[in-house]
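Every chain is numbered from 1, with letters handed out A, B, ... down the list of sequences. Every value quoted in this text rests on a predicted model; they were computed, and no experiment measured them.
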There are 2 protein chains.
Amino acid sequence: MARSGIPTAERIIAAANKLFYNDGIRSVSVDAVAAKVGVTKRTLYYHFKSKDDLVAAYLAGRDQPNLALFRQWFDAAAGGLPAKVEAIFRNLARSARHPKWKGCGFLRTSAELANMPGHPAIRIGAAHKKKFEEWLREVFAAEGIADPLQLARQILLLLDGSFAVVLLHRDASYMETAGEAAHQLIEAALPRHRRSRRVVRGA
Amino acid sequence: MARSGIPTAERIIAAANKLFYNDGIRSVSVDAVAAKVGVTKRTLYYHFKSKDDLVAAYLAGRDQPNLALFRQWFDAAAGGLPAKVEAIFRNLARSARHPKWKGCGFLRTSAELANMPGHPAIRIGAAHKKKFEEWLREVFAAEGIADPLQLARQILLLLDGSFAVVLLHRDASYMETAGEAAHQLIEAALPRHRRSRRVVRGA
DNA sequence: CAAAGTATACCAACCAGTGAATATACACAA
DNA sequence: TTGTGTATATTCACTGGTTGGTATACTTTG
């Protein structure tokens, strides 16, 4: 156990989350994580068999909260389907304007560990994105969209693209641009009778 | 100079390019680069004042060739504007299917060094993407598109999104999906008289 | 000769991971 | 209650190797 009531393993994951998300994987030593928790490195290795294991646990811990947040933003938004999806991008833009924001932990980890294709952390990241894609596909299917998977993937491309671009330029307005593109693609894919009247397109 | 006629500095950059692109920045030591070139580390530090300097040179060396390739793909493609842009995505998908492909070096570097916002390599990456965005904007403006910057940014979001997603899932078909979205967005933004007749949209 | 370029040898700090001993907590017997 | 065994949890001290960077001296070339 520990000083507080929180189990040590969870406190280690919480510390790993902060450090890995902020500074990346390879620039954070196991010693640094242990020091942040206030335990010895040997204790950390009692709970996790390797650093790779710890990295996987770090991403696994971000999976559900992240998905839940997206769904919450979607559910809370007013308007039709395009507006509700666009709301995700708007909320993301708001997050991205916080100075501690550093993009998507899953994407950044997969970029850093690109030379280790089978790494458990990458598999967790891939599964995470697939879950989000599948959720979007179901939402679109329920609205009668002809090819819901295709549209879900296009929205995901815009989303992950905005993570990458905003991280590079440090300009969150790209996220709103992505949201408008998503809006437009969804609007165009909607069956005629569900489409809003005030579509702006072309010159 | 060197054994071959190629200056040592260039040979160092070539080796750094292979190693950094393949394995990332922090997992490649300066010793490894020097060994690959066949010089001592001290020689490397004669030509580059630090590792950060070398990383910047690595990305600077990828700037023009990369842009030239995109333009070449665009120019060589048949069809109208949407088809020509889509061709970039198709060619990219072909590249991404090669086993040594590891995504976009600029994006991966910015993801790995996200905790060093002012890093010279990140500035070079940002400038690179801005150049591409500007080129696209000019192309769109010449075709009479109402908001060419907005559209250029949306295409860029799809492009960088496909780099990230394909790297994560190792499934290049996402690039073709992105190309179709790009096609659709451009088609919709084109002035009516330049639009192709066979637009497919909706259910 | 002088300048540019390269090599040998080195440093102090850091890294992931481990062996062996120890502390804590709880179950159960006397 | 007290003692004892056992599994869990933790610490100390350490290893062998790697890291970015440098002081100094040697070599090549115009």
Side-chain angles (χ1 to χ4, degrees), chain A residues 1-59 109 112-116 118-122, chain B residues 1-59 109 112-116 118-122:
Chain A
M1 282 302 172
R3 264 154 285 187
S4 68
I6 299 156
T8 307
E10 287 179 27
R11 293 195 299 137
I12 292 172
I13 291 176
N17 184 38
K18 283 184 189 172
L19 291 175
F20 286 147
Y21 178 75
N22 254 295
D23 301 333
I25 306 303
R26 292 201 243 242
S27 86
V28 172
S29 68
V30 175
D31 297 74
V33 177
K36 178 132 190 159
V37 183
V39 292
T40 324
K41 187 166 44 168
R42 199 65 187 77
T43 299
L44 191 149
Y45 275 100
Y46 175 81
H47 293 279
F48 302 91
K49 76 174 216 293
S50 66
K51 184 180 182 182
D52 289 336
D53 213 47
L54 179 61
V55 174
Y58 144 61
L59 286 187
T109 302
E112 189 174 351
L113 306 184
N115 60 334
M116 316 179 76
H119 195 289
I122 292 179
Chain B
M1 281 303 172
R3 262 155 288 184
S4 68
I6 300 156
T8 306
E10 288 180 27
R11 292 194 302 137
I12 292 173
I13 291 177
N17 184 39
K18 282 184 190 174
L19 291 175
F20 286 147
Y21 178 74
N22 255 295
D23 301 334
I25 305 303
R26 291 200 245 242
S27 86
V28 172
S29 68
V30 176
D31 297 76
V33 177
K36 179 133 189 156
V37 184
V39 293
T40 323
K41 188 165 43 168
R42 196 60 189 82
T43 299
L44 192 152
Y45 274 100
Y46 175 80
H47 293 280
F48 302 91
K49 75 174 216 293
S50 67
K51 183 180 183 181
D52 288 336
D53 212 47
L54 179 61
V55 174
Y58 144 62
L59 286 188
T109 302
E112 189 174 350
L113 306 184
N115 60 334
M116 314 179 77
H119 196 289
I122 292 180

(request) Kindly give the heavy-atom pair with the smallest separation between Lys51(B) and Val28(B), and that separation in Å. (result) NZ-O, 2.7 Å

(message) Please report the distance, rounded to the nearest Å, between CG in Leu44(A) and P in dC12(D).
(response) 15 Å

(request) Consider the side chain of Thr43(B), meaning its heavy atoms from C-beta on, and name the nucleotide among dT11(D), dT6(C), dT10(D) that approaches it most closely. (result) dT6(C)

(request) Using a cut-off of strictly less than 4.0 Å, decide whether His47(B) has a side-chain nitrogen or oxygen near OP1 or OP2 of dA4(C). (result) no

(message) Suppose we screen for ring-ring contact (aromatic ring centres under 6.0 Å, His included). Which residues come up paired with Tyr58(B), at least two apart in sequence or across chains?
(response) Phe20(B)

(request) Go through the structure and list residues passing side chain to side chain contact (heavy atoms under 4.5 Å, CB included) with Lys18(A), not counting sequence neighbours. (result) Lys36(A)

(request) Assign a letter to each nucleotide of nucleotides 25-30 of chain D from its 5' end: B, base within under 4.0 Å of a protein heavy atom; S, sugar-phosphate only; -, no contact. (result) ------

(request) Compare side-chain N and O positions of Tyr46(B) against OP1 and OP2 of dG5(C) and report whether any pair is under 4.0 Å apart. (result) yes

(request) Over all heavy atoms of both residues, which pair between Arg11(A) and Ile6(A) is shortest? Give the atoms and the distance, please. (result) CG-CG2, 3.5 Å

(message) Using a 4.0 Å cut-off on heavy atoms, which residues in residues 13-23 of chain B reach DNA chain D? List them by number, or say none.
(response) none

(request) Could you state the atom-to-atom distance from CG of Leu54(B) to P of dT19(D) in whole Å? (result) 14 Å

(message) Quick check: closest heavy atoms across Pro120(A) and Ala56(A), and the distance to 0.1 Å?
(response) CB-CB, 4.1 Å

Side-chain donor-acceptor contacts of residues 40-48 of chain B below 3.5 Å, not counting sequence neighbours, with atom names and distances?
unit_1: Lys41(B); atom_1: NZ; unit_2: Asp31(B); atom_2: OD1; d: 3.4
unit_1: Lys41(B); atom_1: NZ; unit_2: Asp31(B); atom_2: OD2; d: 3.2

(message) Let me confirm one number: the OG1-NE2 distance from Thr109(B) to His119(B), rounded to the nearest 0.5 Å.
(response) 9.0 Å

(message) If you compare all heavy atoms of Ala32(A) against all heavy atoms of Leu19(A), which two are closest, and at what distance to 0.1 Å?
(response) O-CD1, 3.7 Å

(message) Protein within reach of the bases, or only the backbone? For nucleotides 12-20 of chain C, mark each nucleotide 5' to 3' as B, S or -, using heavy atoms under 4.0 Å.
(response) ---SBBBB-

(message) Check whether Arg26(B) reaches the backbone of Glu112(A) with its side chain - one donor and one acceptor, N or O, closer than 3.5 Å.
(response) no

(message) To check you understand the geometry: which heavy-atom pair defines the closest contact between Ser27(B) and Asn115(A), and what is its length?
(response) OG-ND2, 4.1 Å

(request) State the CG-CG distance between Leu59(A) and Asn17(A), to the nearest 0.5 angstrom. (result) 8.5 Å

